[in-house]
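Following: one structure in structure tokens, then a few remarks.
Labels below follow one simple rule: chain letters A, B, ... track the order of the sequence lines, proteins then strands, and each chain is numbered from 1.
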Amino acid sequence: MDVVWDFLQVGLVGNFSWGNMAMLAIGCVFIYLGIARDYEPLLLVPIGFGVLVGNIPLSSGMNIGIYEEGSVLNVLYSGVTQGWYPSLIFLGIGAMTDFSAMLANPRLILLGAAAQAGIFLTFAGSLLLGFPPQEAAAIGIIGGADGPTAIFLAGQLAPHLLGAIAVAAYSYMALVPVIQPPIIRLLTTREERLIRMKPSPPVSKRLRIIFPILAFVLCASIAPGAISLLGFLFFGNLLKESGVTERLAKTARNSMIDIVTILLGLCVGASTDASRFLTPASIKIALLGAASFCVATAAGVLFAKLMNVFVKDKINPIIGAAGVSAVPDSARVCQMVGAQEDPQNFLIMHAMAPNVAGVIGSAVAAGVFLSRFMFN
Amino acid sequence: MDVVWDFLQVGLVGNFSWGNMAMLAIGCVFIYLGIARDYEPLLLVPIGFGVLVGNIPLSSGMNIGIYEEGSVLNVLYSGVTQGWYPSLIFLGIGAMTDFSAMLANPRLILLGAAAQAGIFLTFAGSLLLGFPPQEAAAIGIIGGADGPTAIFLAGQLAPHLLGAIAVAAYSYMALVPVIQPPIIRLLTTREERLIRMKPSPPVSKRLRIIFPILAFVLCASIAPGAISLLGFLFFGNLLKESGVTERLAKTARNSMIDIVTILLGLCVGASTDASRFLTPASIKIALLGAASFCVATAAGVLFAKLMNVFVKDKINPIIGAAGVSAVPDSARVCQMVGAQEDPQNFLIMHAMAPNVAGVIGSAVAAGVFLSRFMFN
Amino acid sequence: MDVVWDFLQVGLVGNFSWGNMAMLAIGCVFIYLGIARDYEPLLLVPIGFGVLVGNIPLSSGMNIGIYEEGSVLNVLYSGVTQGWYPSLIFLGIGAMTDFSAMLANPRLILLGAAAQAGIFLTFAGSLLLGFPPQEAAAIGIIGGADGPTAIFLAGQLAPHLLGAIAVAAYSYMALVPVIQPPIIRLLTTREERLIRMKPSPPVSKRLRIIFPILAFVLCASIAPGAISLLGFLFFGNLLKESGVTERLAKTARNSMIDIVTILLGLCVGASTDASRFLTPASIKIALLGAASFCVATAAGVLFAKLMNVFVKDKINPIIGAAGVSAVPDSARVCQMVGAQEDPQNFLIMHAMAPNVAGVIGSAVAAGVFLSRFMFN
Amino acid sequence: MGSNITPEMGSLAIAGVLIVFGVLALISLVVALLKKLDGRWQDHERRVDEAAMTKEPTIDNTTLVLISAAAATVVQGRFRVRRIHRLLSPKRKRTPWSAQGRLILQGSHTVRRKRS
Amino acid sequence: MGSNITPEMGSLAIAGVLIVFGVLALISLVVALLKKLDGRWQDHERRVDEAAMTKEPTIDNTTLVLISAAAATVVQGRFRVRRIHRLLSPKRKRTPWSAQGRLILQGSHTVRRKRS
Amino acid sequence: MGSNITPEMGSLAIAGVLIVFGVLALISLVVALLKKLDGRWQDHERRVDEAAMTKEPTIDNTTLVLISAAAATVVQGRFRVRRIHRLLSPKRKRTPWSAQGRLILQGSHTVRRKRS
Ligand code: NA
Ligand code: NA
Ligand code: NA
């Protein structure tokens, strides 16, 4: 039975490590949170299972591991490292996103800009903690609260940190309903939280068609680094709004985004093997990410309060928190926090405006980093 | 604020060019024609937005442009240059196409052959205008009036002209209802246009199953260059007609073709950057393409009149124009032209026969060019 | 007309071979069996048409053949050689598979293990017939009666035999209703075939969620070579059972698996060109495959009889035959054989347990071979 | 740039027209020949269709029993089969074992979806 | 590892905030300007919608005839058009030839599916 | 070509059978152990299901108000919510904020589709 014993050496028996065991536990926690707590299940379940797949202890050389050139996982992972999985997900998101709330009330776009301050503060903080600039940029984008953007930028600037960055980004996005409410309540008075905003006016079909074209040309001309994200987002949105390409939009927001989500989640999870993931850097990234979310939320809320100094139709500052993006979770959080004071106050319709603006904002921020760091 | 100014240099500010501005305008025109005029919107909208994506002025080296090795657009573009997007589109088209009209009336297949004369005349014309033979072949295929075939052949024989050829091909296909009616009316008498053809007999399920197998073996044995197109077209059709693979056919003609259409359109559009597209060659290609469509239409109509000399059951020569393919637009044009003389004359059912035969014809023509020029 | 004659030389006229003609006939037989006999049509129709595509006689150098680097078929074939088509098919199968029958009655899992004896016996037989060890392993897996597993292992260990192995595997899977019944009847008495098993108890949702996670970690820790197959199978199953990722599971078991099935079938068929396929090795493979199926069926049935010596609730030994996998055909065969003795005996619900266990079993066997042979 | 037309290319253009025409004429001819058999095929298919329609109720009874039993095994009497959604067209030729097996499997799937 | 913050990186952080803010402010401004025209666009769209609704029955008659004829040609009187499933929203702007052609094609597809 | 069977390969064949059997036996064992807990889990799930069914109307009232309000905000009284299509199974466990947010969002989507 030596042969059986020899054989067992290629698996757990011969490659046992506490690190892998810990990661298997983390994978199970992710799956548990996705299923039992309903936290972003479409991402946590695939990522969680991917963590299991990537942390089975095994001898290398069997053409199985995600970092072994030519293995199945490695081939599928190329969509992450080359960046086209996130782009295609943005295409699908564009084909789902309704910019009406934002178009109806364009001043709310500024809230989506303000909340991106978290990105650049985290960038500075990461530099302070000793990360080199490219890695600091990839870590900073966690504060953008946008999974595909974070994965895209990490894949371009710091592929070795991709797993840690993606896990941090999605973890905090899942924890948005835990993180944001205390910060919102801390920074607002009850009177502010009771502000009722007047219903948004309707938006013409024509404006909804012109918007993605115009917004793309504007953003891309100033921050061309964002083309690989915003080009796909606005293209998807044009397919949705044009009225003549509905079958393409439908496929983009159904089969296409589902297929890419499955593969992206699995691969991102599988890229977190213990030796790469269980490092001091990951702990720093986790802390910086948490800080980033808090700063972004605060920036959004405070900027809304600042705007209220100048405008006549007051903005409920709660919806500033939706500017971090994390679509649509943070908009829901705003609705929930508002409803605790006044159950008849339907903030979610307004919160969608900074929420989708925040997606554009973090993609522009990613473009700024890309433009600066890809030349090196 | 030097940093902001420096940053702006990577975008429009530092790379302004009138060529790009002109292309952005052309992209908007495509989108406009697709949406407002309903001209082939499933292709013009993606191509139009792709033209915008490919013509944002930017500094190279940021791993963004479609010609920068490894960028997202470049990776997605490989489906165009390697030729498998067009093949998969043919698979979907095969799974949509009903060859019944053609099988019911096999003599109408010859009309689909006659209209391909435009391809070879344009090939000769392109040589005369000084294009080298490979480019001339890729330009000639515009006269085949079949987008995927044109993109496939251009990708194999003249990748640097792909954008111009694809844009010309789709533009003229969109303009079929403008180009064809005057030519048809010029070459036919009112009596001819009033000819009513007798209804087509039904076709057995068995014949519809045997046809794609037989037609593939025949075409491919004679013109093996057409395998990458006709193999997929007839395979798709067999999936549709077999009756036992309906779920595969359904996916092929829905999600699969939609996903590939989105990516193909975007990439083809993005490949037309001003420096490659705004050249004298593109103008020549545009003129040759227009000539090609006119010749093809005329050849189809005249051949129908020639056939009428010999056959008893007269053919309405209008349907000869459907032989150019441009499925199903040119068949619709025939219906419309016929209905202007006699609103109760349902030509479209008959026009579908030369229409689908024209698809096979231009794929065979592409095969002829490929066989001849791939060896060099 | 020399040019026409020269041109014809690149096709059938200049490259005629009886081998190709024979393969074209075989392709038509496959299509016929799929359509007229309803034998695994979703695989036999694509493979059959692929055989036609791969055996059109043609001159090489036109960038068309599946073995010509960079051709459309070659690019699509990379999903087979790199092994991710089979993995994605397993993902879809996981999202379709209901392990309830197996979870309700876990002792039946052993029947799925017993039937894999055919794999290792065929491996030994192949060595005896002179195949080198890697090829012998790839041939042995035919006895696993699982198309994607066979294609995956052949692609990794013996790519030049892939066509022959895949064709043998699918042929015998299609012939399961012909091969298995006489063996079952030979090895069982009428009394045994009349055994009625008591209905399976229901299974909780929680157990169905825990199972894919646990089973994956167990299998992969012992036989990590199976990760590329079982990782995807159990991931798909988790997507299905979790209850919160239904949209991903739906896409995985519909569009995704359909697209991959179309491409896999076409490419596997096209890889069987006459010069590679019509060899003595293929005949040996066909014979070994047949033997393998018979041995596997017998092993399953006999093991069930052996278990009956020890257990109180008797097992109907017919369902041992379902352990070969060939899901769901061999489970249906069990139902049919049982119904011939007692039309009210609903064996299929029980036969599904060894049937799906057999899928896991052959993937583990593939993992054993991969672990042993990939190092060389 | 001057003209690139050469005798060889000129004859390629003409040969191309002839080949395309030849291939499609051949297809046209073969289809026309097959049409001779098509009347008989259509008659056959019509007869098969009619037979299928006549046989339909009988088939239905058998499978209904099977489905009910399968469903009963799974759901343990908690549900009742109220409506049968025919998953395969009755016109399709199929061997009995495949028809039977597939209907049972699919039936059980339908039931399962209801529950989860 | 020590701090990597340099004056250059510090100013990049500040410039980044400004650029993101600038881009979104620009979009906000442009959208606000377009909103001035939006009232007129909405009126226009409402009028087009209403016109489409009024015209609907007339369009329907024409296409119904066409579809019936096309269907009749194919199925040779074996079926009758009982229900028209409108495939395009009547609100969509379209040139007559496209509307006509597409409806006929789709109509014939629907009929074919019924048969196979 | 001669035989390639060696002692090493022979023992691999035997080891293979044992490993496959061992892995599946282990799974069988673990599942059998988990089945001990399964009765309790099933009871728990049945209770949750029943609770969900009893609670259903109350939940419905709350969300109906929310949806109506959201819809009213968007369409400005031009439509009325006539039918609620339940998008999530009531059996699913979920935190209130997610249930609430998602229903509103989806509701508004449904309304938007009607208009475009
Ligand atoms: Na953001
Ligand atoms: Na054509
Ligand atoms: Na098996």
Side-chain angles (χ1 to χ4, degrees), chain B residues 78-79 81-88 91 95 152 155-156 206 209-210 212-214 216-232 234-236 238-239 241-252 254-256 258-260 367-368 370-376, chain C residues 3-4 6-13 15-16 20 24 27-28 31-32 34-46 48-50 52-65 68 70-76 251 254-259 261-263 265-266 269-270:
Chain B
S78 66
T81 50
Q82 293 173 333
W84 49 276
Y85 284 172
S87 295
L88 294 185
L91 180 52
F152 181 81
Q156 302 279 312
R206 189 175 302 188
I209 294 174
I210 292 174
I213 300 170
L214 205 77
F216 169 67
V217 173
L218 280 179
C219 292
S221 297
I222 299 174
I227 287 178
S228 305
L229 293 169
L230 292 181
F232 288 78
F234 288 124
F235 177 39
L238 179 63
L239 292 180
E241 298 294 358
S242 79
V244 290
T245 51
E246 182 51 30
R247 69 171 284 170
L248 301 183
K250 198 179 145 217
T251 296
N254 289 298
S255 336
M256 202 196 72
D258 285 346
I259 293 172
V260 180
V368 170
L370 265 183
S371 309
R372 177 63 190 73
F373 291 119
M374 281 309 283
F375 286 116
N376 298 348
Chain C
V3 191
V4 173
D6 283 358
F7 175 80
L8 292 177
Q9 296 302 316
V10 301
L12 178 71
V13 172
N15 301 277
F16 181 85
N20 284 136
L24 291 182
C28 290
I31 296 172
Y32 172 80
I35 296 176
R37 294 291 170 91
D38 204 24
Y39 284 171
E40 296 274 346
L42 297 183
L43 282 154
L44 286 193
V45 172
F49 200 90
L52 302 184
V53 169
N55 281 285
I56 297 292
L58 49 81
S59 307
S60 62
M62 282 186 287
N63 200 25
I64 289 167
E68 289 186 67
S71 74
V72 170
L73 284 169
N74 182 265
V75 172
L76 298 178
T251 296
N254 289 299
S255 338
M256 202 196 71
I257 199 173
D258 286 346
I259 293 172
T261 301
I262 290 171
L263 299 178
L266 185 71

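- In this structure, the separation between CG on B/Leu91 and CD1 on C/Ile262 is 5.5 Å, given to the nearest 0.5 Å.
- Per-residue counts of heavy-atom pairs under 4.5 Å with chain C were compared for B/Gln156, B/Arg247, B/Gln82, B/Lys250; the largest is that of B/Arg247.
- The greatest number of non-hydrogen atom pairs below 4.5 Å with chain B, out of C/Gly50, C/Gly70, C/Pro46, is found for C/Pro46.
- Heavy-atom distances place both the backbone and the side chain of C/Val53 under 4.5 Å from chain B.
- Using a 4.5 Å cut-off between heavy atoms, B/Ser242 touches chain C through backbone and side chain atoms alike.
- Of the two parts of B/Leu238, only the side chain, counted from C-beta on, holds a non-hydrogen atom closer than 4.5 Å to a non-hydrogen atom of chain C.
- Here B/Leu248 contributes atom CG and C/Leu266 contributes atom CG; the two are 11.5 Å apart, rounded to the nearest 0.5 Å.
- Neither the backbone nor the side chain of C/Asn74 comes within less than 4.5 Å of any heavy atom in chain B.
- Only the side chain of B/Leu239 has a heavy atom closer than 4.5 Å to any heavy atom of chain C.
- Contacts of B/Phe152 with chain C are made by side-chain atoms alone, with heavy-atom separations under 4.5 Å and no backbone atom involved.
- Only the side chain of C/Thr261 comes within less than 4.5 Å of a heavy atom of chain B; its backbone N, CA, C and O stay farther away.
- Side-chain contact between B/Phe232 and C/Leu73: present, with at least one pair of heavy atoms (C-beta onward) separated by less than 4.5 Å.
- There is no contact between B/Glu246 and chain C, counting heavy-atom distances below 4.5 Å.
- With sequence neighbours excluded, the residues that form a side chain to side chain contact (heavy atoms under 4.5 Å, CB included) with B/Ile259 are A/Thr251, A/Met256, B/Leu263.
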